Amino acid sequence: MTQQLSEQEIVRREALAAIRELGIDPYPAQAFDVSHHAADLHRDFDGTEGTFTEVSLAGRIMSRRVMGKASFAELQDSSGRMQIYVSRDDICPDENKDLYNKLFKKLLDIGDFVGVKGYMFTTKLGEKTLRVEEFTFLSKSLRPLPIVKRVTNEETGEEEIHDAFTDPELRYRRRYVDLVVNPQVRDIFITRSKVMTAMRQYFNAQGWLEVETPILQPIHGGAAARPFMTHHNTLDTDLYMRIANELYLKRLIVGGYDGVYEFGKMFRNEGMDRTHNPEFTAMEIYVAYKDYEWMMTMVEKMLEQVVTEVTGGSVVEYSGNQIDFSGPYDRLTMLESIEKYTGTDLRGKSEDEVRAFCKSQHIEVDNSMGLGKLIDEIFGEKVEANLIQPTYITDYPIEMTPLAKKHRSEDGLVERFELFVNGKEIANAYSELNDPIDQRERFEDQLKLAERGDDEAMVLDEDFLRALEYGMPPTSGLGIGIDRLVMLITGQHSIQEVLFFPQMKPEVKQGTTSADEE
RNA sequence: GAUCCGGUAGCUCAGUCGGUAGAGCAUUUGACUUUUAAUCAAAGGGUCGUGGGUUCGAGCCCCACCCGGAUCACCA
């Protein structure tokens, strides 16, 4: 495959060859010993001469200002940037000045990796700077990076960004470039990692076990969604990419663990938009001998701790709302929430009465909708968007929740809650159904839905029923959409901003014609 | 899936009424030993997303398609 090189790419390849001609390996194998990171030096060096005299840094050259025999450059490592001062006679004490005159001034490009050793000082303009005594070339960059310039406006004191690398398509397709030039993007993923670490620490401290369960499943159970299908050649059997791991985690509770949790990718063959990616991360946890009321208390404690550990406080700003994750959170049953936001109490109402209410509220309904579906529609239209502060909605209609236990006192409802924040669901939990006979009937109800054409109805999993027949303790289970939680905590409005590599259509290469599909 | 917006130099963008393709940064050459988007002088760099059409002439108008974004519908 031949590629058309731009002028700048040709120049960089010529520089690569010239570096080799100087006897310098542009891709040396040996390790470079790093003593500090840029952020450490900005924090710890107070300007006192004679401190920080043996400092070595490594990273990319991000800018360079050459003034004859002396130069300034910015070196960027994983922590940030440090200005370096390079003087010809410092790095070339002998007669041969090639290292400065040729390598540093001519052959070095923005994006190249270098290692520098020297001592810290403060320039007359007050910037902490590393004066370089030893300069080591570490890796050549053959493609120009986008040049993003940040400058502090002297009048307003605000940071202005020039020539920002903002095109979403390029940013997502070349996330590595995005991460190099946009530090705020790097920070989002650091926060994402911290969120997951803080959750793990919370669960591990309770003695619950982190587990892994199959991604390739013969039956796509545990949720209502269209799956991806694949095929195992040796077994000659079709397999599904999991849409949920719920049924496997419950099998582990049957097996005797007190608590199990899994952070896992789920795969759903459905539409994509600002809040949906075909693969996404869910955290599911199951704890024996507990119910959904206990789970609500656990979740609010856990989220308060996680948000506080990650952000330094319990309040997060999102879409102009101050969202406070400190518990306890409001708890409303679904019917109470509808009464609160519509003024109408639907308790004890018949399906026809509820349908008439929908029409009076201009909510679109059709005759295939049962009572549970109608109530869910009203909730979605009238209530959901109002739930800005973390709020538990409890006690859902039984029809839509085949894996939850029937309510201990309310007919037609199940012991389920969802946690809403900023008008969006971020967690879903049940007192888990552990009655194998009831569970079989619920699966059979789902089969009837499937026969009526519902391609998202849940599939009957005979082995899961067998596990329940051996006996499962009363258990509460919870799922949290990690991507959406991270969106909230980092203030992002697109799931693509919290996934390193969001799903994209394949890049089209020029000159190729794609065969017609279908 | 529907509607709207966008795709022009390595990057960010401008491009008037349809009449020779523009700027800043980046790149190249030169000057400069404490710069701060360094500065100064000069130069090179384009299949205007793809394919058709209208026209004497298309970045611009028309049609189709590709990619992306936003909104809506469905879903978590």
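From a predicted model like this one, the values you see are computed outputs, not experimental measurements.
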How far, in whole Å, is B:A9 from B:U55 if one measures between their P atoms?
30 Å

Side-chain atoms of A:E169 come closest, of B:U36, B:U34, B:C67, to B:C67

Any-strand Watson-Crick or G-U partner of B:C25, both distances under 3.5 Å
B:G10

A:K102 and A:E21 ion-paired at < 4.0 Å:
no

Using the P atom in both, what is the distance from B:U12 to B:U35, to the nearest Å?
32 Å

Give a yes/no verdict on base stacking between B:A76 and A:F280: centres under 5.5 Å, planes within less than 30° of parallel.
yes

Annotated protein contacts, base or backbone, on nucleotides 8-13 of chain B with a non-hydrogen cut-off under 4.0 Å, one of B, S, - each:
--BSSS

With a non-hydrogen cut-off below 4.0 angstrom, is A:M504 in contact with a base, only sugar-phosphate, or nothing?
sugar-phosphate

Quick check: does any side chain N or O of A:D112 sit under 3.5 Å from a backbone N or O of A:S141, one acting as donor and the other as acceptor?
yes

Does the side chain of A:K124 get closer than 4.0 angstrom to OP1 or OP2 of B:U35 through an N or O atom?
yes

Mark yes or no: A:R200 above the aromatic ring of A:F263, with NZ or CZ under 6.0 Å from the six-membered ring centre and no more than 45 degrees from the axis.
yes

Taking the C1' atom in each of B:U27 and B:G10, what is the distance between them to the nearest angstrom?
8 Å

Taking A:E300 for the side chain and A:Y329 for the main chain, is one N or O donor matched with an acceptor at less than 3.5 Å?
yes

Return the polar atom pairs (N/O with N/O) between nucleotides 70-72 of chain B and the protein under 3.5 Å, or none.
{"from": "B:U71", "atom 1": "OP2", "to": "A:R274", "atom 2": "NH1", "distance (Å)": "2.8"}

Return the residues of residues 90-109 of chain A meeting this criterion: a heavy atom under 4.0 Å from some atom of RNA chain B. Order them by number, or give none.
A:K106

Does a donor on one side chain sit under 3.5 Å from an acceptor on the other, for A:H42 and A:S79?
no

Need one value for A:D483: base, sugar-phosphate or nothing, where a base atom within 4.0 Å counts as base even if backbone is also close, heavy atoms only.
nothing

Answer yes or no: is there an ion pair linking A:K265 with A:E279, defined by an N-O contact shorter than 4.0 Å?
yes

Considering only the P atoms, how many Å lie between B:U54 and B:C63, rounded to the nearest integer?
15 Å

Looking only at heavy atoms, what is the nearest atom pair of A:Q83 and A:T123, with distance?
NE2-CG2, 3.9 Å

Could you work out which one of B:U28, B:A76, B:A38 sits closest to the side chain of A:R268?
B:A76

Selection from B:U34, B:G68, B:U27 that lies nearest to any side-chain heavy atom of A:F121:
B:U34

If you look at every strand shown and take non-hydrogen atoms under 4.0 Å, does A:S87 touch a base, only sugar-phosphate, or nothing?
nothing

Evaluate side-chain hydrogen bond (donor to acceptor under 3.5 Å, both in side chains) for A:E9 paired with A:S6, printing each intermediate quantity in order.
CA-CA 5 Å; A:E9 289 173 302; A:S6 70; 3.2 Å; yes

Any Lys/Arg nitrogen of A:D109 or A:R64 sitting under 4.0 Å from an Asp/Glu carboxylate oxygen of the other?
no

A:T48 and A:D46 side chains, donor-acceptor separation under 3.5 Å
yes

For nucleotides B:C40 and B:G53, find the distance between their P atoms and express it as a whole number of Å.
49 Å

Work out how far the C1' atom of B:G46 is from that of B:C5, and round it to whole angstrom.
25 Å

Can you tell whether the side chains of A:R416 and A:E418 come within less than 4.0 Å, N to carboxylate O?
yes

C1'-based separation of B:A2 from B:A26 [nearest Å]:
41 Å

B:G18 versus B:C13 - spacing of their P atoms, nearest Å
25 Å

Whether A:E497 and A:R171 form a salt bridge (side-chain N of Lys/Arg under 4.0 Å from carboxylate O of Asp/Glu) is what I want to check.
yes

Phosphate contact (B:U35 OP1 or OP2) by A:R65 side-chain N/O below 4.0 Å:
no

Classify the side-chain pair A:R242/A:T213 by whether it contains a donor and acceptor separated by less than 3.5 Å.
yes

